[in-house]
Amino acid sequence: MDKKKMNVESFNLDHTKVKAPYVRLASVSEGINGDKIYKYDVRFCQPNKEHMEMPALHSLEHMMAEHIRNHHDTIFDVSPMGCQTGFYISVINDGDYDAFLELLEKTLTDVVNATEVPACNPVQCGWAESHSLEGAQEIARKMLSKKDEWKEIFA
């Protein structure tokens, strides 16, 4: 059965063939002034088999979004996937995959060593009651323990 090519890159990915955890360059987009945005698919959980619970995912989002910027100047965005299996992380003008893996390792290590979730309050967060520092740290530890597998995208 031929499937129609979709506009969204990840909708064209066969989620039954990937092996999480992994980190893959999902797309490169070029702006009108020549800037390039490198979008990474950082998959923590095996699609359709497991997922991150929302309080842990929410805290991991806050922590990664804050801490990753301590290590890199051109992070464009850190966005959780709606399926709760990973994140998209976008970087401007830096397509060095191996350097991105090092950046991710540093960021996840920061998460493991954190003592609080940044911006975890009603003024700075839209659902401040839905957080889990311990849950986020467990996800980060699990991802770091599989670091040697991050480049293996397909089973």
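Computed over heavy atoms, backbone and side chain alike; hydrogens, waters and symmetry mates excluded.
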Can you check whether [X] reaches [Y] side chain to side chain, under 4.5 Å on heavy atoms?
{"X": "D110", "Y": "N113", "value": "no"}
{"X": "K151", "Y": "V23", "value": "no"}
{"X": "L57", "Y": "F87", "value": "yes"}
{"X": "D148", "Y": "K146", "value": "no"}
{"X": "L60", "Y": "F44", "value": "yes"}
{"X": "M64", "Y": "I89", "value": "yes"}
{"X": "T109", "Y": "T107", "value": "no"}
{"X": "R43", "Y": "V18", "value": "no"}

Are [X] and [Y] grouped together when hydrophobic residues (ILVMFWY) are joined by side-chain heavy atoms under 4.5 angstrom apart?
{"X": "I139", "Y": "L103", "result": "yes"}
{"X": "L25", "Y": "L104", "result": "yes"}
{"X": "Y22", "Y": "F154", "result": "yes"}
{"X": "V112", "Y": "V42", "result": "yes"}
{"X": "I37", "Y": "V8", "result": "no"}

- Message: Taking salt bridge (charged side-chain N to carboxylate O under 4.0 Å, His left out) as the cut-off, I'd like each qualifying pair that reaches into residues 14-35, sequence neighbours left out, listed once.
- Response: E9-R24, D14-K17, K19-E149, K19-E152, R24-D41

Under the 3.5 angstrom rule, does the side chain of [X] hit a backbone N or O of [Y] as a donor-acceptor pair?
{"X": "W150", "Y": "M143", "answer": "yes"}
{"X": "E50", "Y": "C45", "answer": "no"}
{"X": "D77", "Y": "S90", "answer": "no"}
{"X": "D73", "Y": "I75", "answer": "no"}
{"X": "Q84", "Y": "H51", "answer": "no"}
{"X": "E61", "Y": "S79", "answer": "no"}
{"X": "E105", "Y": "L144", "answer": "no"}

Counting only pairs under 3.5 Å, give me each side-chain donor-acceptor contact of residues 116-126, with atom names and distances, residues two or more places apart or in other chains.
| residue | atom | partner | partner atom | Å |
| --- | --- | --- | --- | --- |
| N121 | OD1 | V123 | N | 3.0 |
| N121 | OD1 | Q124 | N | 2.9 |
| N121 | ND2 | Q124 | OE1 | 2.6 |

- For the residue pair H15 and N48, confirm or rule out a side-chain donor-acceptor distance under 3.5 Å.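 Not at all, the side chains of H15 and N48 share no donor-acceptor pair under 3.5 Å.
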
- Message: For a quick check under 3.5 Å, do S29 and Y38 share a side-chain donor-acceptor pair by atom type?
- Response: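 Result is no, nothing qualifies.
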
- Flag yes if more than 12 heavy atoms outside Y88 fall under 6.0 Å of its OH atom; otherwise flag no.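 Yes, the 6.0 Å shell around OH holds more than 12 heavy atoms from other groups.
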
- Item | Y97 atom OH, over 12 foreign heavy atoms within 6.0 Å | yes

- Close aromatic pair by centroid cut-off 6.0 Å: H67 and H71: no

- Give a yes or no on whether the ring-centroid distance for Y40 and F100 is below 6.0 angstrom.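 Yes, the ring of Y40 comes within the 6.0 Å limit of the ring of F100, centre to centre.
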
Within this structure, what is the [atom1]-[atom2] distance for the pair [X] and [Y], rounded to the nearest 0.5 Å?
{"X": "K142", "Y": "M52", "atom1": "NZ", "atom2": "CE", "value": "10.0 Å"}
{"X": "Q137", "Y": "L108", "atom1": "CD", "atom2": "CG", "value": "11.5 Å"}
{"X": "K106", "Y": "L101", "atom1": "NZ", "atom2": "CG", "value": "12.0 Å"}

- Item | Step-by-step side chain to side chain contact (heavy atoms under 4.5 Å, CB included) determination, V78 to I68 | CA-CA 9 Å; V78 176; I68 199 168; 4.0 Å; yes

Let me have the donor-acceptor pairs involving side chains of residues 129-136, under 3.5 Å, with sequence neighbours excluded, atom names and distances please.
| residue | atom | partner | partner atom | Å |
| --- | --- | --- | --- | --- |
| H131 | ND1 | S59 | OG | 2.9 |
| S132 | OG | G135 | N | 2.8 |

- Task: Identify the two heavy atoms, one from V91 and one from D94, that lie closest to each other, and give their separation to 0.1 Å.
- Result: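 Minimum heavy-atom contact is CG1-CB, 3.7 Å.
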
- Given K5 and N12, is the side chain to side chain contact (heavy atoms under 4.5 Å, CB included) satisfied, shown in steps? CA-CA 6 Å; K5 183 163 172 49; N12 295 308; 3.7 Å; yes

